[in-house]
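Worksheet: the structure to be examined is printed underneath.
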Amino acid sequence: TLALGVGQTWQNVTASRAAGTSYQNTTGKPIVVAIRGDTNSTHYLQVSTNNATWVTVASTIASNANLSLIVPNGNYYRLTSGATFIGWSELR
């Protein structure tokens, strides 16, 4: 089944993620991305169908703020350049 959460687990991907870099969901299912921001830098969590046109789904300038979004299969996602984070997890 393609239902969100079915057969998926939360994974800490902090070490393999970077702000300003786009990632594509190629899991065959929607995933959830959850990021804990650091400092008072501006954080924009964005999604794209084509890795060119971006939609901001969540944003904050607060320190230690949490941002999350659901990424459909095949879509791209990113935390904008210049943002800093202390944790990045994905339900995949």
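Listed by chain and residue number, H43, A62, A65, L67 satisfy the side chain to side chain contact (heavy atoms under 4.5 Å, CB included) test with T60 (two or more places apart in sequence, or in another chain). Scored by the side chain to side chain contact (heavy atoms under 4.5 Å, CB included) test, S48 finds N50, W54, Y76 as partners (sequence neighbours excluded). In terms of the side chain to side chain contact (heavy atoms under 4.5 Å, CB included) criterion, residue partners of D38 (sequence neighbours excluded) are, by chain and number, N64, T84, I86.
Y44 approaches S59 most closely through the heavy-atom pair CD2-CB, 3.3 Å. Scanning all heavy atoms of the two residues, the minimum distance from A83 to A19 falls at O-CB, 3.3 Å. Of all heavy-atom pairs spanning T80 and T42, the tightest one is OG1-O, 4.4 Å. Contact record, N51 with S22: OD1-OG, 2.9 Å, taken as the closest heavy-atom pair. Scanning both residues, Y77 and R92, for their nearest heavy atoms gives OH-NH2, 3.5 Å. Heavy atoms only, all atoms of each residue included: R78 and T21 are closest at CB-O, 3.4 Å.
Counting only N and O atoms by type, the side chains of Y23 and E90 include no donor and acceptor under 3.5 Å apart.
With T49 contributing its side chain and N75 its backbone, the two residues share no donor-acceptor pair below 3.5 Å.
W10 and L4 fall within a single hydrophobic cluster, where Ile, Leu, Val, Met, Phe, Trp and Tyr are joined by side-chain heavy atoms under 4.5 Å apart, directly or via other members. Residues V13 and V71 share a hydrophobic cluster, clusters being chains of Ile/Leu/Val/Met/Phe/Trp/Tyr side chains in contact below 4.5 Å. Under the 4.5 Å side-chain heavy-atom criterion for grouping Ile, Leu, Val, Met, Phe, Trp and Tyr, V55 is connected to I35 within one hydrophobic cluster. V57 and V33 fall within a single hydrophobic cluster, where Ile, Leu, Val, Met, Phe, Trp and Tyr are joined by side-chain heavy atoms under 4.5 Å apart, directly or via other members. If you chain together hydrophobic residues whose side chains sit under 4.5 Å apart, L91 and F85 never meet in one group.
For I70, the CD1 atom sits in a loose shell: 12 or fewer heavy atoms of surrounding residues, nucleotides or ligands are nearer than 6.0 Å.
The closest side-chain heavy-atom distance from I31 to Q8 is below 4.5 Å.
Here the CG atom belonging to L45 is positioned 11.5 Å from the CG atom belonging to N66, to the nearest 0.5 angstrom.
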